[in-house]
Amino acid sequence: MGRTPSVGDIVSDFSLPGGVLREDRFERSDYALGEQRGNTVVLAFYPGDNTPVCTKQLCSYSDGLEELQACGATVWGISPQDLDSHEGFARERGLRIPLLADPDRAAARAFGIDAPLIGLRRSVFIIGPDGGLHWKRVGTLGATFPSAGTIAEQLSALPRT
């Protein structure tokens, strides 16, 4: 497992395939963190589609999307499953955030959260407009996650551009 970036570190760019449910279409494209420079991005790493805790987490972020967007943030969910799995998950649960596929866990390794038996440690990172890590919550057991309200509180501490 690699080193988890510290608050203040500039986060390395990555690009992953992903998709977002828009009405009845699951729109697939590539998502590059570097292209978000100037914007605030919340990266929500989760172990798996359609598992109890992950479902609760991603549904809470989708339900709280307006609050997070009002703080100026884009929210991405990232897990090792492929895009077909993500599409099924998004459709079944009505998820409104992009779900990115990290099947070889390269992004998880870059953030130091790759975990051999579970795939990755449930983690949330807030990347500021300058590309620096503003806040993080890295889970140890994976059964808990920060609420959308907690993330919004951290986002409100960021300077607005």
Side-chain angles (χ1 to χ4, degrees), residues 4-5 7 11 14-33 35-103 105 107-108 111 113 115 118-129 133-161:
T4 301
V7 170
V11 176
F14 66 81
S15 180
L16 294 172
V20 63
L21 189 62
R22 297 195 196 284
E23 296 178 16
D24 64 342
R25 296 179 322 277
F26 189 74
E27 298 176 359
R28 297 176 184 219
S29 62
D30 289 328
Y31 290 77
L33 185 61
E35 291 177 2
Q36 295 298 312
R37 206 43 88 91
N39 300 311
T40 301
V41 182
V42 175
L43 304 177
F45 286 90
Y46 65 101
D49 294 339
N50 290 308
T51 59
V53 177
C54 296
T55 298
K56 186 175 178 182
Q57 178 185 16
L58 275 287
C59 286
S60 75
Y61 297 164
S62 183
D63 292 345
L65 190 59
E66 284 79 14
E67 179 182 18
L68 299 171
Q69 289 174 330
C71 295
T74 297
V75 182
W76 293 350
I78 305 171
S79 78
Q81 288 72 44
D82 65 22
L83 288 183
D84 290 339
S85 177
H86 286 343
E87 180 174 356
F89 185 38
R91 286 184 183 284
E92 183 175 336
R93 303 297 179 171
L95 300 175
R96 301 177 299 139
I97 63 173
L99 301 178
L100 283 56
D102 186 22
R105 298 194 304 260
F111 280 85
I113 58 168
I118 60 170
L120 58 85
R121 291 165 49 198
R122 185 181 316 282
S123 306
V124 175
F125 298 89
I126 297 176
I127 313 303
L133 180 61
H134 171 71
W135 182 82
K136 67 180 178 178
R137 174 78 50 87
V138 178
T140 51
L141 296 178
T144 63
F145 56 89
S147 68
T150 296
I151 295 169
E153 288 172 17
Q154 294 300 321
L155 289 167
S156 67
L158 272 169
R160 298 299 288 264
T161 55

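Everything numeric here is computed off the predicted structure, so don't read it as measured data.
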Can you name the nearest heavy-atom pair linking [X] to [Y], along with the distance?
X	Y	value
G94	S62	O-OG, 3.8 Å
R37	P129	CD-O, 3.4 Å
V75	P98	O-CD, 3.2 Å
A107	L16	CB-CD1, 4.0 Å
L99	A90	CD1-CB, 4.1 Å
A152	E67	CB-OE2, 3.6 Å

State, yes or no, whether a side-chain contact exists between [X] and [Y] at a heavy-atom distance under 4.5 Å.
X	Y	answer
F26	V20	no
D102	P80	no
R28	E87	yes
T150	W135	yes
C54	S79	no
T55	R93	yes
L21	R91	yes
P47	R122	yes

task: Anything under 30° is parallel, anything over 60° is perpendicular, the rest tilted; go ahead and classify F125 against F111.
output: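 Because their plane-to-plane angle lies in the 30° to 60° range, the rings of F125 and F111 count as tilted.
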task: Apply the test side-chain contact (heavy atoms from CB on, under 4.5 Å) to residues C71 and E153: give CA-CA distance (whole Å), side-chain angles for both, the deciding distance (0.1 Å), then the verdict.
output: CA-CA 9 Å; C71 295; E153 288 172 17; over 6 Å; no
query: Out of curiosity, I78 CD1 to F45 CZ, how far, rounded to the nearest 0.5 Å?
result: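 I78 atom CD1 to F45 atom CZ measures 4.0 Å (nearest 0.5 Å).
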query: CD1/I113 to NZ/K136 distance, rounded to the nearest 0.5 angstrom?
result: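 Here the rounded value is 10.5 Å.
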Side-chain ([X]) to main-chain ([Y]) donor-acceptor, under 3.5 angstrom:
X	Y	result
S85	D82	no
R137	P146	no
Q81	D49	yes

- prompt: Judged by modelled atom types alone, do T74 and N39 share a side-chain donor-acceptor pair under 3.5 Å?
  reply: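 Side chains of T74 and N39: no pair found under 3.5 Å.
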- prompt: Which residues satisfy the ring pair (Phe, Tyr, Trp, His ring centres under 6.0 Å) test with Y46, sequence neighbours excluded?
  reply: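 Y46: no ring pair (Phe, Tyr, Trp, His ring centres under 6.0 Å) contacts found.
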- request: State plainly whether the residues R96 and E66 are in salt-bridge range, i.e. N to O under 4.0 Å.
  value: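 Counted as a salt bridge, because a side-chain N and a carboxylate O are separated by less than 4.0 Å.
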query: Would you call K56-D63 a salt bridge at under 4.0 Å N-O?
result: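 Looking at D63 together with K56, the answer is no, because their closest N to O distance does not fall below 4.0 Å.
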task: Return yes when atom CD of E35 has more than 12 non-hydrogen atoms of other residues, nucleotides or ligands closer than 6.0 Å, and no otherwise.
output: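 Open.
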query: Does the pair T40 and L155 meet the rule for a side-chain contact (heavy atoms from CB on, under 4.5 Å), with working shown?
result: CA-CA 8 Å; T40 301; L155 289 167; 3.5 Å; yes
field: Test log, rule side-chain contact (heavy atoms from CB on, under 4.5 Å), inputs I151 and I126
entry: CA-CA 8 Å; I151 295 169; I126 297 176; 4.1 Å; yes
query: After noting the C-alpha distance and the side-chain angles of S15 and L33, does the key distance pass the side-chain contact (heavy atoms from CB on, under 4.5 Å) rule?
result: CA-CA 6 Å; S15 180; L33 185 61; over 6 Å; no
message: Quick test of your reading: applying ring-ring contact (aromatic ring centres under 6.0 Å, His included), list the pairs with at least one residue in residues 56-103, sequence neighbours left out, ordered by first then second residue.
response: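 ring-ring contact (aromatic ring centres under 6.0 Å, His included) check on residues 56-103 returns Y31-W76.
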